[in-house]
Amino acid sequence: MSGSLCWLRAASLLRRAPLRWGARPLSQAAAGDGGRGSRESVERLVRAHPVVVFMKGNPAQPLCGFSNAVVQILRLHGVQDFQAYDVLQDADLRQGIKNYSNWPTIPQVYLNGEFVGGCDILLQMHQNGDLVEELKKLGIRSALLDAEKDQDKK
């Protein structure tokens, strides 16, 4: 799916689906069996970096339009340093992250170990300015703030 089609698809989903935002308590996560998809293993991955994305493909080559949209939103904000996990490479991890978050779809975005949501929620946060604020809490200055400053100078 091309970039513009992906944005249109994601935007159309925002109009149709009710949005949920916020972290899922760990008590709602399913207990695992100790493997890579276990609750403990997934929790280590989620907490290993301030920005974590579980996606289909990788940032250089997303294999899903929604995963691509998440990567593009992060790049638009200047977030280059994030940890991405390709769930297509590991079926246990793919199911494990869904159990952990109690969220049925991929991609999934975590900020500072806290589940944010998927493509639709990240897009909404981008559109309403919440993503700038959440990145600021992580010590990441959104590149959009610099772009706005440059526009003001012109």
Side-chain angles (χ1 to χ4, degrees), residues 3-4 6-7 9-11 13-14 17-30 32 36-90 93-94 96-154:
S4 61
C6 180
W7 284 103
R9 172 88 171 115
L13 285 176
L14 283 176
L19 295 173
R20 295 176 287 173
W21 184 75
R24 301 278 185 208
L26 294 179
S27 61
Q28 290 182 3
R36 181 160 164 98
S38 73
R39 179 178 175 271
E40 295 79 16
S41 178
V42 170
E43 187 165 354
R44 278 193 301 276
L45 297 176
V46 163
R47 297 189 181 287
H49 196 276
V51 181
V52 177
V53 178
F54 292 86
M55 61 184 291
K56 294 177 181 176
N58 60 62
Q61 189 173 12
L63 297 177
C64 148
F66 298 107
S67 293
N68 183 50
V70 163
V71 170
Q72 294 306 317
I73 291 168
L74 291 173
R75 287 183 178 156
L76 190 61
H77 285 268
V79 180
Q80 300 296 329
D81 182 26
F82 62 93
Q83 183 64 53
Y85 296 98
D86 182 355
V87 299
L88 296 178
Q89 299 297 315
D90 188 334
L93 178 60
R94 184 176 184 175
I97 192 61
K98 291 177 182 181
N99 293 343
Y100 179 82
S101 63
N102 195 30
W103 191 263
T105 59
I106 302 294
Q108 292 188 17
V109 179
Y110 290 79
L111 299 178
N112 211 25
E114 195 171 302
F115 178 59
V116 172
C119 176
D120 55 348
I121 293 174
L122 199 68
L123 179 60
Q124 181 189 35
M125 291 175 68
H126 163 69
Q127 291 172 335
N128 67 20
D130 288 347
L131 186 54
V132 170
E133 294 304 313
E134 290 301 316
L135 292 172
K136 190 185 297 183
K137 291 177 187 176
L138 301 176
I140 300 171
R141 179 174 168 82
S142 173
L144 292 182
L145 295 175
D146 296 330
E148 286 176 7
K149 231 192 306 186
D150 291 343
Q151 286 294 331
D152 291 343
K153 289 180 182 177
K154 291 181 181 180

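Note that the structure is predicted; figures quoted are calculated from it, not measured.
- Side-chain contact between Asp120 and Gln124 is absent, with no heavy atoms from C-beta onward closer than 4.5 Å.
- Residues Leu45 and Val52 have side chains not in contact (no heavy-atom distance under 4.5 Å, counting atoms from C-beta outward).
- Note that CG of Leu88 and CD1 of Ile106 are 9.0 Å apart. Values are rounded to the nearest 0.5 Å.
- Summarising the geometry, atom CZ belonging to Arg47 is positioned 8.5 Å from atom CG belonging to Asn112; distances are rounded to the nearest 0.5 Å.
- What you find for Val70 and Pro107 is that their closest heavy atoms are CG2-CG, 3.6 Å.
- Checked against side chain to side chain donor-acceptor pair (under 3.5 Å), Asn58 has no partners two or more places apart in sequence or in another chain.
- Under the ring pair (Phe, Tyr, Trp, His ring centres under 6.0 Å) criterion, Tyr85 pairs with Phe54, sequence neighbours left out.
- Two residues are said to be in side-chain contact when any heavy atoms from C-beta on lie closer than 4.5 Å; Ile121 and Val116 meet this criterion.
- Met125 pairs in a side-chain contact (heavy atoms from CB on, under 4.5 Å) with only one of the listed residues (Val109, Leu135, Leu131, Ile73), which is Leu131.
- Here the straight-line distance linking atom CZ of Arg94 with atom CG of Asn99 works out to 12.5 Å at 0.5 Å rounding.
- The shortest side-chain heavy-atom distance between Lys137 and Glu134 falls under the 4.5 Å cut-off.
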Listing, residues 76-84 side-chain donor-acceptor contacts under 3.5 Å, not counting sequence neighbours, or none:
{"unit_1": "His77", "atom_1": "ND1", "unit_2": "Ser142", "atom_2": "OG", "d": "2.7"}
{"unit_1": "His77", "atom_1": "NE2", "unit_2": "His126", "atom_2": "ND1", "d": "2.9"}
{"unit_1": "Asp81", "atom_1": "OD1", "unit_2": "His49", "atom_2": "NE2", "d": "3.2"}

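- At distances below 3.5 Å, not a single donor-acceptor pair connects side-chain atoms of Gln108 with backbone N or O atoms of Ser101.
- For the atom pair CZ of Phe115 and CD1 of Ile97, the computed distance is 8.0 Å after rounding to the nearest 0.5 Å.
- Between Leu111 and Val51, some side-chain heavy-atom pair lies under the 4.5 Å cut-off.
- The main-chain N or O of Pro59 is found under 3.5 Å from a side-chain atom of Arg75 such that the two form a donor-acceptor pair.
- Judged by distance alone, with hydrogens and angles left aside, the side-chain atoms of Ser67 form a donor-acceptor pair with the main-chain N or O of Lys56 at under 3.5 Å.
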